[in-house]
Novice: 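This is the structure I want to talk about, given as structure tokens.
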Amino acid sequence: MAKGLLKHQERQAALNLLGKDLARRASSKCELCEAAGVPLNIWEVAPVPEEPDFEHCLMTCDICGEQLSLFERKPAKMNVDHWRCLGKSVWSQVPAAQVMSVRVLRQISGQYPWAAEILEHVFLEPETESWAQKIE
Ligand SMILES: [Zn+2]
């Protein structure tokens, strides 16, 4: 088996161990758009620690997961309308949700005034802010 694949599977297994606690934290809803009754996946918020870490994980629905991958690889292809949900998640009690929300909103705020408007009212704890700025 390829070494990279084995590594990936090990990580997946370690992440799955966090799944139950994450689902509880998220009340089984997407932590970005609050979709309920849909399959949820674990999204690791960069910079990703060596070992999977509860605080660095988000529970996201398939749509948010897909949009987050686009955000990291091809932001121009994002369905920006879906991200209106970030107006709420940016106030989440979960720092990882705040970090991803702010990163995406900052990316699109130049083009979308509604995103800039949300950001005007957002205040992040200093630690959360420095995390939001740390992109690998
Ligand atoms: Zn979602």
Side-chain angles (χ1 to χ4, degrees):
M1 193 186 295
K3 207 172 164 204
L5 183 61
L6 184 63
K7 264 227 146 102
H8 175 77
Q9 286 178 347
E10 280 173 3
R11 185 149 197 116
Q12 220 40 54
L15 281 173
N16 286 341
L17 292 178
L18 301 174
K20 236 188 190 166
D21 287 336
L22 285 167
R24 193 173 308 136
R25 181 184 76 185
S27 314
S28 297
K29 287 191 271 186
C30 174
E31 289 186 293
L32 293 180
C33 76
E34 299 189 331
V38 295
L40 296 173
N41 304 296
I42 298 172
W43 175 269
E44 292 190 272
V45 178
V48 172
E50 193 125 344
E51 295 295 326
D53 176 56
F54 183 76
E55 296 297 335
H56 274 254
C57 292
L58 270 184
M59 284 304 248
T60 63
C61 68
D62 286 344
I63 299 173
C64 286
E66 195 189 329
Q67 295 300 316
L68 286 176
S69 317
L70 288 173
F71 168 69
E72 294 197 337
R73 296 194 193 99
K74 294 180 197 151
K77 300 253 183 220
M78 286 191 298
N79 171 14
V80 170
D81 259 343
H82 179 72
W83 285 139
R84 288 185 182 264
C85 63
L86 299 179
K88 202 162 175 198
S89 59
V90 81
W91 298 104
S92 168
Q93 300 294 313
V94 177
Q98 289 191 297
V99 164
M100 277 325 298
S101 303
V102 162
R103 281 181 185 166
V104 173
L105 287 167
R106 284 181 183 159
Q107 166 83 30
I108 61 179
S109 60
Q111 253 179 305
Y112 298 91
W114 58 262
E117 213 161 289
I118 294 168
L119 286 171
E120 267 174 42
H121 303 284
V122 172
F123 173 80
L124 297 180
E125 294 295 330
E127 287 160 46
T128 312
E129 175 59 43
S130 61
W131 181 8
Q133 290 180 21
K134 230 183 272 165
I135 303 176
E136 268 181 339

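Atoms within a ligand are numbered from 1 in the order they appear, just like the ligands themselves. FYI, side chains are in, hydrogens and waters are out, and symmetry mates aren't considered; it's all heavy atoms of this structure.
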Novice: Is any protein N, O or S atom closer than 2.8 Å to the Zn ion (ligand 1), and if so, which?
Specialist: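 Protein N/O/S atoms under 2.8 Å of the Zn ion (ligand 1): Cys30 SG, Cys33 SG, Cys61 SG, Cys64 SG.
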
Novice: Among Ile, Leu, Val, Met, Phe, Trp and Tyr joined by side-chain contacts under 4.5 Å, find the other residues sharing a cluster with Leu15 and list them by chain and number.
Specialist: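 Members other than Leu15 - counting any ILVMFWY side chain reachable under 4.5 Å - are Leu18, Leu22, Val38, Leu40, Ile42, Phe54, Met59.
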
Novice: Quick test of your reading of the model: are Arg11 and Glu51 salt-bridged, counting only N-O distances below 4.0 Å?
Specialist: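 Salt bridge between Arg11 and Glu51, a charged N being under 4.0 Å from a carboxylate O: no.
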
Novice: Taking 4.0 angstrom as the limit, do Lys88 and Glu31 come out as a salt bridge?
Specialist: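 Looking at Lys88 and Glu31, the cut-off is not met.
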
Novice: Are His56 and Trp131 close enough that their ring centres sit under 6.0 Å apart?
Specialist: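 Close enough - the centres of the two rings lie under 6.0 Å apart.
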
Novice: Measure from the side-chain N and O atoms of Gln67 to the backbone N and O of Trp83, and report whether any donor-acceptor pair falls under 3.5 Å.
Specialist: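 No: the side chain of Gln67 does not pair with the backbone of Trp83.
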
Novice: Using a 3.5 Å distance criterion without hydrogens, assess whether the side chain of Ser92 forms a donor-acceptor pair with backbone atoms of Val94.
Specialist: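 Yes, Ser92 side chain to Val94 backbone: donor-acceptor pair under 3.5 Å.
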
